[in-house]
Protein chains: 2
Amino acid sequence: MGISFNTPATVILANGSFPTHEIPLSLLRRTTYLCCCDRAGMTAIQKGYMPDAIVGDGDSLPENFRQRYAAIFHHVAEQDDNDLTKATRFVIAKGFKNIVYLGATGKREDHTLANISLLGYYHKCLGVEAMMVTDKGWFVAAGGCRTFKAFPRQQVSVFNINCTKLQGKGLRWDLYPFSSLWQGTLNEAEDSSFEINGDGEYLIYQTFEAK
Amino acid sequence: MGISFNTPATVILANGSFPTHEIPLSLLRRTTYLCCCDRAGMTAIQKGYMPDAIVGDGDSLPENFRQRYAAIFHHVAEQDDNDLTKATRFVIAKGFKNIVYLGATGKREDHTLANISLLGYYHKCLGVEAMMVTDKGWFVAAGGCRTFKAFPRQQVSVFNINCTKLQGKGLRWDLYPFSSLWQGTLNEAEDSSFEINGDGEYLIYQTFEAK
């Protein structure tokens with residue numbers, strides 16, 4: 001299917017299910033900079049990936065682990081943001097704006113919903129080019145008019161954030177300014193690209209596998 | 001923690017990850033009526049649970065399976081609804097209004113988002129008392145003023161659908177009419193119940209485990 005992702009400048013590894021699919025694993029291997037959310041830092045090291053930074057309140061990390069990795073552990077105690085947002089603010093302060101999120105789904109469903117919806121917030125409010133890659137596909141936060149690479153019969157879902165006008169080209173089913181998450185799911189790419197045109201923000205989900 | 005669910009009148013088993021936690025498995029065992037979405041019917045039978053109905057377009061079912069279970073297979077071909085909605089309309093036509101959804105998360109994340117958000121649609125537009133139980137916790141679709149059983153430090157997330165006023169009692173953090181999914185997550189029950197008061201619809205997520 002020819003899915004290829006550029007080498008990411010930075011990956012944030014969250015504390016959901018650790019990736020098992022080759023595509024997210026290759027991003028984890030190839031990233032220039034790896035920032036882990038709290039306990040995900042321990043998981044990464046156990047799996048053989050050395051973080052450049054571990055960000056969080058440290059509550060979920062054993063004391064001896066924190067001492068051993070003190071040089072890369074960055075304590076952020078404030079409670080207004082979740083771990084994913086703490087890590088995002090941290091890498092933004094390092095100068096990164098293109099961020100790939102891994103391990104951000106697959107455990108508590110409310111965390112999954114929060115992490116996915118936060119992509120839109122990072123894009124709109126923090127100026128991040130945010131992509132989340134899972135074991136099944138990937139989300140991109142975007143706005144305005146944008147073209148997406150695809151392949152014939154790739155499954156595509158469009159989640160409207162705040163568009164009052166929303167149109168697509170190159171998708172099997174027409175778009176409209178969806179008011180519920182389910183309304184934009186189960187679409188399909190017709191060929192090797194599609195275009196989305198909205199007057200606000202949206203999330204695109206594309207699967208690794210064709211139908 | 002004393003979580004107990006009444007014996008469900010009907011369970012709809014979707015084609016996400018088959019439950020592994022004892023709570024959803026016990027609901028599957030105890031339900032009076034079991035309706036499976038297409039291929040989930042095959043999975044259920046392989047796991048030892050006999051469906052009362054299998055609803056879908058049958059595309060994902062082998063021919064010999066369809067023939068063998070023709071008496072309980074109900075072919076619904078239309079493409080406007082996903083499998084979960086087809087099954088929901090089917091059990092509503094059987095007279096059921098209290099529906100427990102299992103196996104509706106854990107594979108493609110766009111299906112997970114769609115299935116969760118559909119709970120709100122079923123509640124608001126089809127008059128269903130909808131609950132989705134996963135391996136980590138459960139979602140309930142509700143509206144207006146409602147009291148929820150809980151336990152101290154149970155993790156609670158509130159997803160606003162269309163409320164312009166939204167308040168809580170008995171939760172650690174104040175509610176407001178959230179405009180993004182992440183804003184209402186990571187709340188916590190203070191004691192054995194909490195109250196939500198909204199002027200519209202919302203989804204509540206409660207975990208099996210305390211923090």
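Throughout, protein chains are lettered first and strands after them, A, B, ... in sequence-line order, and every chain is numbered starting at 1.
In this structure, a donor-acceptor pair under 3.5 Å is absent between the side chains of B:T43 and B:Y49.
A salt bridge does not link B:K169 to B:E190: none of the charged nitrogens lies less than 4.0 Å from a carboxylate oxygen.
Annotation for A:K97: atom NZ counts as buried by contact number, over 12 foreign heavy atoms lying within 6.0 Å. A:Q167 CD: 12 or fewer foreign heavy atoms inside a 6.0 Å radius.
Cation-pi geometry between B:K94 and B:Y33 is not satisfied (NZ or CZ under 6.0 Å from the ring centre, within 45° of the ring normal).
Per-residue counts of heavy-atom pairs under 4.5 Å with chain A were compared for B:S117, B:S17, B:A114; the largest is that of B:S117. Listed options A:L118, A:T185, A:T207 were ranked by heavy-atom pairs under 4.5 angstrom with chain B; first place goes to A:L118. Note: A:E109 leads A:K136, A:K107, A:Q155, A:E109 in heavy-atom pairs under 4.5 Å with chain B.
You'll find the side chain of B:H123 stays beyond 4.5 Å of the side chain of B:I161, heavy atoms only. Within the 4.5 Å cutoff, no side-chain heavy atoms of B:T134 are placed close to those of B:P24.
For A:I116, the part lying under 4.5 angstrom from a heavy atom of chain B is the side chain only.
Contacts from residues 173-184 of chain B to chain A, taken as heavy-atom pairs separated by less than 4.5 Å, involve B:W173, B:L181, B:W182 in sequence order.
Among the candidates B:F148, B:F139, B:F159, B:W138, the single residue satisfying the ring-ring contact (aromatic ring centres under 6.0 Å, His included) test with B:Y205 is B:F139.
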